[in-house]
Number of protein chains: 2
Amino acid sequence: MRISARTQYALRAATELAAAPPGPVPAEKIAVAQNIPRRFLDNILLQLRRAGLIHSQRGPDGGYWLARPAEEITLADVIMVVEGSPEHSAHGGYPGVAGPLADVWSALRAHEETLLTEITLAHIAKDSLP
Amino acid sequence: MRISARTQYALRAATELAAAPPGPVPAEKIAVAQNIPRRFLDNILLQLRRAGLIHSQRGPDGGYWLARPAEEITLADVIMVVEGSPEHSAHGGYPGVAGPLADVWSALRAHEETLLTEITLAHIAKDSLP
DNA sequence: ACCTAACCGACTTATTAAGTAGGAATTAGG
DNA sequence: CCTAATTCCTACTTAATAAGTCGGTTAGGT
């Protein structure tokens, strides 16, 4: 269950947006609230925007906001953007007697995906996990 | 769900031992059967032995064998040896509104651990997953 | 003695993660 | 129109980890 700093930052930033009142939230505010290195955060927010998960506005009073309601953005959505699509052919088919190991990884991944697809940013922001 | 090559090798090697008839199995045989770089495998087996998971015998007809019955060695046992004990303080306590994220990781880890603790080398070797 | 196989630490190389740098483009307010 | 705020973008650096290699040493059996 490895979760990179980048991924965690992305989720925390997104949660911050989910919890904020309507309107743009500047990156600086997010960085301070979540204690994320500013420049790095820029980088991540850019990626989220390009993926269409958030929108942005430049200039004074500019900032970022969610492209969809927080109830409709799952953790998996965010994670997939920053981690890239998982190439799950990595553990496919072990020699001989070790074959069944692949089924274990596959079960683990399945459960993980299920869980992360069930939980939305709204759940996190409101502390109402299912 | 990141699983290092080293970990996979360790599990596959252990499975090979679990499936073998009683008596020492030389590293070379495991390396060939599982297509694992020989020197690297040495390294891993050494680690497993030091952890008390397997025993060894030098000289001709030497090799490795499981220290306990395959039914009593879980995947978690093997993984913990090669990955080291998880420092799960890594994601402990996020600022403000992101706090509940920690519960998600914790749930994920709990499930993972449960599953890996339920499955033994015997299950893999005999392809009889629960 | 000799061959086989485990034992051991240190070393090299490749990849990824994490963060930084330096600016350019946009927008609102005065 | 000028200024300040703020996003946008590419590329770079550095640190950590993973993966595998090397060169031998030690012990056991025949």
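Order of the sequence lines fixes the chain letters, A, B, ..., with proteins taken first and strands second; residue numbering starts at 1 for each chain.
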Specify the residue among A/P60 and A/R6 whose closest nucleotide of DNA chain C lies further upstream toward the 5′ end. A/R6

For B/L11, does its backbone N or O pair with a side-chain atom of B/T15 as donor and acceptor, under 3.5 Å? yes

State whether a side-chain donor-acceptor pair under 3.5 Å links B/T117 with B/T114. no

Distance check needed: C/dA6 C1' versus B/D61 CG, whole Å only. 13 Å

Show me the side-chain donor-acceptor pairs of residues 18-31 of chain A shorter than 3.5 Å, one per line, residues at least two apart or across chains.
{"residue": "A/E28", "atom": "OE1", "partner": "A/R38", "partner atom": "NH1", "Å": "3.0"}

Hey, does the side chain of A/Y9 come within less than 4.0 Å of C/dG19's phosphate (OP1/OP2), counting only N and O? yes

Quick one: salt bridge (charged side-chain N to carboxylate O under 4.0 Å, His left out) pairs with a partner in residues 59-75 of chain A, sequence neighbours left out? A/R68-A/D77, A/E71-A/K126

Position toward the 5' end of DNA chain D (nearest nucleotide), A/G62 or B/L41: A/G62

Sorted by first residue and then second, give each ring-ring contact (aromatic ring centres under 6.0 Å, His included) pair with at least one member in residues 111-130 of chain A; sequence neighbours left out. A/H111-B/H111

Would you indicate what B/Q57 reaches in the nucleic acid, counting non-hydrogen atoms under 4.0 angstrom: base, sugar-phosphate, or nothing? sugar-phosphate

Step-by-step side-chain hydrogen bond (donor to acceptor under 3.5 Å, both in side chains) determination, B/Q8 to A/Y94: CA-CA 10 Å; B/Q8 297 184 47; A/Y94 294 110; 2.5 Å; yes

Measuring from the side chain of A/P37 (C-beta onward, heavy atoms only), which nucleotide among C/dT20, D/dT21, D/dA19 has the closest atom? C/dT20

Output the rounded distance in Å from CZ (A/F40) to P (C/dA21). 14 Å

Sugar-phosphate, base or nothing in reach of A/R38, heavy atoms under 4.0 Å: base

Quick one: salt bridge (charged side-chain N to carboxylate O under 4.0 Å, His left out) pairs with a partner in residues 93-103 of chain A, sequence neighbours left out? none

Atom CD1 of A/I36 and atom P of C/dG19: how far apart are they, to the nearest Å? 10 Å

A/L46 has an atom CG; how far is it from atom C1' of C/dA25, in whole Å? 13 Å

Let me know the distance between CG of B/L48 and P of C/dC7, rounded to the nearest Å. 11 Å

Value in whole Å for how far the C1' atom of C/dT15 lies from CZ of A/R2: 14 Å

Could you check how far CD1 of B/I30 sits from P of C/dA5, rounded to whole Å? 12 Å

Report yes if at least one side-chain N or O of A/S4 is closer than 4.0 Å to OP1 or OP2 of C/dT16; otherwise report no. no

Proximal nucleotide (of C/dT20, D/dA19, D/dT21) relative to the B/N43 side chain: D/dT21

B/N43: side chain to side chain donor-acceptor pair (under 3.5 Å) partners, not counting sequence neighbours: B/R6

Using only side-chain N and O atoms of B/Y64, determine if any of them is under 4.0 Å from OP1 or OP2 of C/dC7. yes

Taking 4.0 Å as the cut-off, does a side-chain nitrogen or oxygen of B/S56 come that near to OP1 or OP2 on C/dA5? no

How close or far is atom P of C/dC8 from atom CD1 of B/I44, stated in whole angstroms? 16 Å

Distances under 3.5 Å between nitrogen or oxygen atoms of protein and nucleotides 24-26 of chain D:
{"residue": "D/dT26", "atom": "O2", "partner": "B/R58", "partner atom": "NH1", "Å": "3.0"}

